[in-house]
Amino acid sequence: MNYLRGTRPVFSPNLIWKSPIPTPHIPRGHRKLHLAPPFLLDSYIPRYCLLSSVDASKKRSAAYAHLRDCNLCPRLCGINRYEKTGACLIGADTVKVNVIAPHFGEEPCIQGHNGSGAVFFSGCNLRCVFCQNHDIAHQRNGQDLTPEELGDWYIKLQNVGGVHNINLITPEHVVPQVVLSILHACELGLKVPIIYNTSAFDSLQSIKLLDGLVDIYLPDFKVWKDSTSKRLLKVDHYAKTAMESIKAMHTQVGDLCFTPDGIAKKGLLVRHLVMPGHESEGQDIMKWIAENISRDVFVNIMEQYHPDAHVGKPKTPRRSAGSSEHGVISGKLRYDEINRHVSKDEISAVRRAAETAGLWRFCDPPKHDGFAL
């Protein structure tokens, strides 16, 4: 296999060094095999299956404690969720779930042939004005499930749906309930990897609580500048928080690894949705990943941004002065600077920055009719 670099030494019987036999030199940026060692696993046992009964009990106790004094997202509400709700508007006894089903809209190494067992949680600890799932995250539609009922659904996805993994989508605000659901499902025979699919706005306490339960972390590193996060995400210090949490995620699970069937089993996969007019922030994010996490991080540079949620809606005045008869400002649109699709040049600029920084493992579409490895 051509994943080795440089030369291989040759030793004679009397241990006299001879000139090395050259092998083809493959620049790091041109390596294509994601399934080469050390990223290839013969088999894999999910981390939660290896948790001792003592550690599982400690996880349960910690989950209940966090619900009584919630600090599991950087908003640090500090409230007792058994008595009232904080910024996420979700209590302690149940979670609100919008969709539970095999999902085929993820990366090929995540969805595989049978789909990823997606659990779309309603609510969110961010308020992204462009949210691509705003009907779920902002409107809190769905059914209320206890952690035990949620764990029962994991088993159904595994045994009936035949999914490759359980994909917890936007779970930052319900981490304690998620922990309890995984422990319950483990007792029922769950044996597929757990994916934590997050906006990266997680506290370190939250990531610590998930240690030993999550196999794949799938953070979406959204923006780089504080001014952008304040305007578009409605939160302060997003990038600082994302950097801390992604570092902690990588410390737990390392780089993304696969079994020979091409399905990811453990590790870190970082997403970045390229935003119109903000490609320079994507470039900074790629450079930071390469310099501070690993050049072997698997990256998905996403191009599917489209104006949604509050973007492109007519502006309304804060008071009646200057407003039209219908209560809108004529010709003015909200967040007009991102009221368009992203261009090919903007996507290419982020990709070039990633390659220049030394990143090489990308989620590219296959150049053949087969499965994307």
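Since we're looking at a predicted model, the values are computed, not measured. Sequence positions, counted from 1, serve as the residue numbers for this chain.
- Counted by atom type alone, Asp345 and Ser343 present zero donor-acceptor pairs between their side chains at under 3.5 Å.
- Using a distance-only test at 3.5 Å, with no hydrogens or angles considered, no donor-acceptor pair links the side chain of Asn165 to the main chain of Val192.
- When atom types are taken as modelled, the side chain of Arg47 and the backbone of Val214 share a donor-acceptor pair closer than 3.5 angstrom.
- At a cut-off of 3.5 Å, with distance as the only test, a side-chain donor of His306 or Gln132 sits close to an acceptor on the other residue.
- For Tyr48 (side chain) and Ala185 (main-chain N/O), no donor-acceptor pair under 3.5 Å exists by modelled atom type.
- When all heavy atoms of Glu346 and Gly277 are compared, the closest pair comes out as OE2-N, 2.9 Å.
- In this structure a side-chain-to-backbone donor-acceptor pair under 3.5 Å is present from Lys59 to Asp211.
- The backbone N or O of Gly117 sits nowhere less than 3.5 Å from a side-chain atom of Gln158 that would complete a donor-acceptor pair.
- Using a distance-only test at 3.5 Å, with no hydrogens or angles considered, no donor-acceptor pair links the side chain of Lys84 to the main chain of Arg81.
- Under the 4.5 Å side-chain heavy-atom criterion for Ile, Leu, Val, Met, Phe, Trp and Tyr, Leu168 and Leu188 are members of the same hydrophobic cluster.
- A salt bridge does not link Arg75 with Glu172: none of the charged nitrogens is closer than 4.0 Å to a carboxylate oxygen.
- Listed for the Thr259 side chain is no donor-acceptor partner under 3.5 Å among the backbone atoms of Tyr44.
- Hydrophobic cluster membership of Val54, counting Ile, Leu, Val, Met, Phe, Trp and Tyr whose side-chain heavy atoms lie under 4.5 Å apart directly or via other members: none, as it forms a cluster of its own.
- At least one donor-acceptor pair under 3.5 Å links the side chain of His164 to the backbone N or O of Asn114.
- The main-chain N or O of Glu106 is found under 3.5 Å from a side-chain atom of Gln111 such that the two form a donor-acceptor pair.
- For the residue pair Asn141/Ser122, the side-chain donor-acceptor check at 3.5 Å is not satisfied.
- Linking ILVMFWY side-chain heavy atoms closer than 4.5 Å, directly or via other members, places Tyr305 and Val223 in a single hydrophobic cluster.
- Leu209 and Leu67 are not part of a single hydrophobic cluster, where members link through side-chain heavy atoms under 4.5 Å apart.
- In the displayed structure, Lys230 atom NZ is contacted under 6.0 Å by at most 12 heavy atoms of other residues, nucleotides or ligands.
- The backbone N or O of Phe201 lies less than 3.5 Å from a partner atom in the side chain of Asn125, making a donor-acceptor pair.
- Here NZ of Lys96 is found 10.5 Å from NE2 of His173. Values are rounded to the nearest 0.5 Å.
- Here the straight-line distance linking atom NZ of Lys208 with atom CD of Gln252 works out to 11.0 Å at 0.5 Å rounding.
- Here the CG-CD1 distance, from Asp215 to Ile45, works out to 11.0 Å after rounding to the nearest 0.5 Å.
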